[in-house]
There are 2 protein chains.
Amino acid sequence: MKKGDKNNSKNKDEALVGVLRNNGYKVTQGRISILEVFSKYHIPLNAESVSGYLKNKRVDVATIYRTLKSFEEKGILRRVDLRNDSVCFEMNDSHHHHHLVCKKCGDIEDVDVCEIDRLSKIALKNSLKFKLIIDHSLEFFGVCKTCNKV
Amino acid sequence: MKKGDKNNSKNKDEALVGVLRNNGYKVTQGRISILEVFSKYHIPLNAESVSGYLKNKRVDVATIYRTLKSFEEKGILRRVDLRNDSVCFEMNDSHHHHHLVCKKCGDIEDVDVCEIDRLSKIALKNSLKFKLIIDHSLEFFGVCKTCNKV
DNA sequence: TTAACAAATGCGAGTAATTTGCATTTAAAT
DNA sequence: ATTTAAATGCAAATTACTCGCATTTGTTAA
């Protein structure tokens with residue numbers, strides 16, 4: 001590993017520590033590791049996947065579930081609903097995006113839809129019951145080219 | 001019950017029978033009853049709720065789960081993910097709409113967003129991997145006025 | 001530094017939603 | 001009416017997730 005890489009990695013970790021502190025968390029190795037996984041893999045991950053990526057630095061699955069839920073409540077993670085059998089999350093950073101999911105093989109492609117904020121405002125304006133919209137889900141389900149050939 | 005009502009009800013059931021036949025299903029009382037529930041209540045329903053509405057005409061919960069899944073695959077029902085602890089469905093008819101869900105009390109308001117087809121086309125056009133988009137999810141999560149007061 | 005305390009974790013048991021295997025029943029084709 | 005594959009009910013199994021509690025750990029303040 002080159003010096004530069006090491007520093008980058010260190011800086012990145014320091015940024016993650018900052019995220020934890022800003023949200024009033026104790027800084028534990030487990031939470032840092034979980035954040036590292038999400039900041040490395042920009043794909044929807046469920047508790048089991050996170051656990052898999054944490055092989056070496058083992059964190060109990062109950063802790064992972066608790067952490068994911070808490071991170072979501074704080075807005076550090078966003079929940080992503082892909083209509084599979086588990087709840088997935090992604091880092092909730094500036095790189096906000098949605099997904100196209102293959103109904104056959106489950107393959108995922110990111111989708112940038114810049115108009116969702118506008119739609120959200122329209123929805124709120126037309127709403128009778130609601131005063132505040134915090135989040136939204138927007139995912140597309142289809143068939144990928146590979147599966148379509150079969 | 002008036003004659004007219006009876007006829008309407010009968011016609012409705014015949015329409016539902018048609019739905020089953022068109023999809024290659026055997027026409028069973030259970031499936032008709034389940035379709036009746038969805039065509040009567042235009043709100044997201046999970047297996048348990050359906051079971052509740054079927055009180056008199058009891059259908060086993062395993063059968064309900066099997067039926068819902070199968071109906072979704074056929075496109076008769078749409079899956080609706082409201083981020084609660086069970087999978088919900090709605091009739092997939094012309095009355096297509098989305099939802100605003102209160103994160104605190106779970107109250108739901110329907111949302112009509114007419115631009116989603118356009119977004120879907122844009123997503124497909126920009127996609128590298130996908131050839132076909134079949135469905136999408138779009139739900140908004142927020143806080144309703146009642147809960148916001150507290 | 002260290003003492004003290006609340007927060008965080010691990011572990012195991014528990015729960016709720018959903019699925020599955022299989023024997024029985026039933027709709028529909030012949 | 002007979003036959004057959006599909007559909008159902010029942011009970012057991014599975015899966016994702018949660019909870020209680022004893023122990024550990026990070027942070028605060030002396």
Side-chain angles (χ1 to χ4, degrees), chain A residues 13-14 16-37 44-74 76-77 79-89 106, chain B residues 13-14 16-37 44-74 76-90 106:
Chain A
D13 262 24
E14 276 168 14
L16 299 182
V17 168
V19 169
L20 293 177
R21 292 210 196 283
N22 292 339
N23 284 282
Y25 286 116
K26 282 191 184 178
V27 177
T28 65
Q29 188 54 55
R31 292 211 257 241
I32 293 176
S33 302
I34 291 173
L35 279 186
E36 278 174 344
V37 168
L45 299 173
N46 59 18
E48 198 194 343
S49 314
V50 171
S51 178
Y53 286 122
L54 288 176
K55 263 192 291 293
N56 20 2
K57 331 175 180 182
R58 183 158 302 289
V59 179
D60 189 85
V61 57
T63 300
I64 296 178
Y65 277 108
R66 279 187 281 236
T67 304
L68 298 186
K69 180 180 241 185
S70 177
F71 281 1
E72 193 211 355
E73 284 162 3
K74 295 284 191 181
I76 299 170
L77 297 178
R79 184 166 169 164
V80 183
D81 299 308
L82 301 182
R83 296 185 179 173
N84 53 15
D85 47 11
S86 63
V87 177
C88 296
F89 299 91
Chain B
D13 263 24
E14 276 167 15
L16 299 182
V17 168
V19 169
L20 293 178
R21 291 208 196 283
N22 291 340
N23 285 281
Y25 286 116
K26 281 192 185 177
V27 177
T28 66
Q29 188 53 55
R31 292 211 256 240
I32 293 176
S33 303
I34 291 172
L35 278 186
E36 278 174 344
V37 168
L45 299 173
N46 60 18
E48 199 194 342
S49 314
V50 171
S51 179
Y53 286 122
L54 288 175
K55 263 193 292 295
N56 19 2
K57 332 173 179 180
R58 184 158 300 290
V59 180
D60 189 84
V61 56
T63 300
I64 296 178
Y65 277 107
R66 279 187 281 235
T67 305
L68 298 187
K69 179 181 242 185
S70 176
F71 281 1
E72 193 212 353
E73 285 162 2
K74 296 284 191 181
I76 299 170
L77 297 178
R78 313 184 65 232
R79 182 166 169 165
V80 183
D81 202 325
L82 303 181
R83 297 186 177 173
N84 53 15
D85 48 12
S86 63
V87 177
C88 295
F89 299 89
E90 277 186 345

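When reading the values below, keep in mind they use all heavy atoms of this one structure, side chains included, and skip hydrogens, waters and symmetry mates.
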Atom [atom1] of [X] and atom [atom2] of [N]: how far apart are they, to the nearest Å?
X: A:Lys74; N: C:dA8; atom1: NZ; atom2: C1'; result: 14 Å
X: B:Ile32; N: D:dA7; atom1: CD1; atom2: P; result: 13 Å
X: B:Leu20; N: C:dA28; atom1: CG; atom2: P; result: 9 Å
X: A:Asp85; N: C:dA16; atom1: CG; atom2: C1'; result: 15 Å
X: B:Glu73; N: C:dT19; atom1: CD; atom2: C1'; result: 13 Å
X: B:Lys26; N: D:dT8; atom1: NZ; atom2: C1'; result: 10 Å
X: B:Arg66; N: C:dG21; atom1: CZ; atom2: P; result: 11 Å
X: B:Leu54; N: D:dG9; atom1: CG; atom2: P; result: 10 Å

Handout entry: Identified side chain to side chain contact (heavy atoms under 4.5 Å, CB included) partner of A:Ser33 from the options A:Leu54, A:Thr67, A:Asp13, A:Ile64
Key = A:Leu54

The side chain of [X] lies closest to which of these nucleotides: [options]?
X: A:Tyr25; options: C:dT18, C:dA8, C:dT9; value: C:dA8
X: B:Val87; options: D:dA7, C:dT18, D:dC21; value: C:dT18
X: B:Glu48; options: C:dT9, D:dG9, C:dA17; value: C:dA17
X: A:Arg21; options: D:dG20, D:dT27, D:dG9; value: D:dT27
X: B:Ser86; options: C:dA17, C:dA7, C:dA28; value: C:dA17

Exercise for the section: Check whether any side-chain nitrogen or oxygen of A:Thr28 sits under 4.0 Å from OP1 or OP2 of C:dT9, and answer yes or no. Expected result: yes

Practice task
Considering just the side-chain nitrogens and oxygens of A:Tyr65, establish if one lies under 4.0 Å of OP1 or OP2 belonging to D:dC17.
Solution key: yes

Problem - Separation between CD1 of A:Ile34 and CG of A:Leu16, rounded to the nearest 0.5 Å - result: 12.0 Å

Practice task
Find the distance between CG (B:Leu77) and CD (B:Glu90) and round it off to the nearest 0.5 Å.
Solution key: 9.5 Å

Exercise for the section: Could you say whether B:Gln29 or A:Ala62 is positioned toward the 5' end of DNA chain C, judged by the nucleotide with the nearest heavy atom to each? Expected result: A:Ala62

Completion exercise
Note: for B:Lys69 and A:Asp60 on DNA chain C, the residue whose nearest nucleotide lies more 5' is A:Asp60

Base, sugar-phosphate alone, or nothing: which one does [X] contact when heavy atoms must sit under 4.0 Å apart?
X: A:Asn46; result: nothing
X: B:Arg31; result: sugar-phosphate
X: B:Val61; result: nothing

Practice task
Examine distances only and state if a side-chain atom of A:Asn46 and a backbone atom of A:Glu48 form a donor-acceptor pair shorter than 3.5 Å.
Solution key: yes

Exercise for the section: State whether the side chain of A:Arg31 and the backbone N or O of A:Leu20 hold a donor-acceptor pair below 3.5 Å, judged by distance alone. Expected result: no

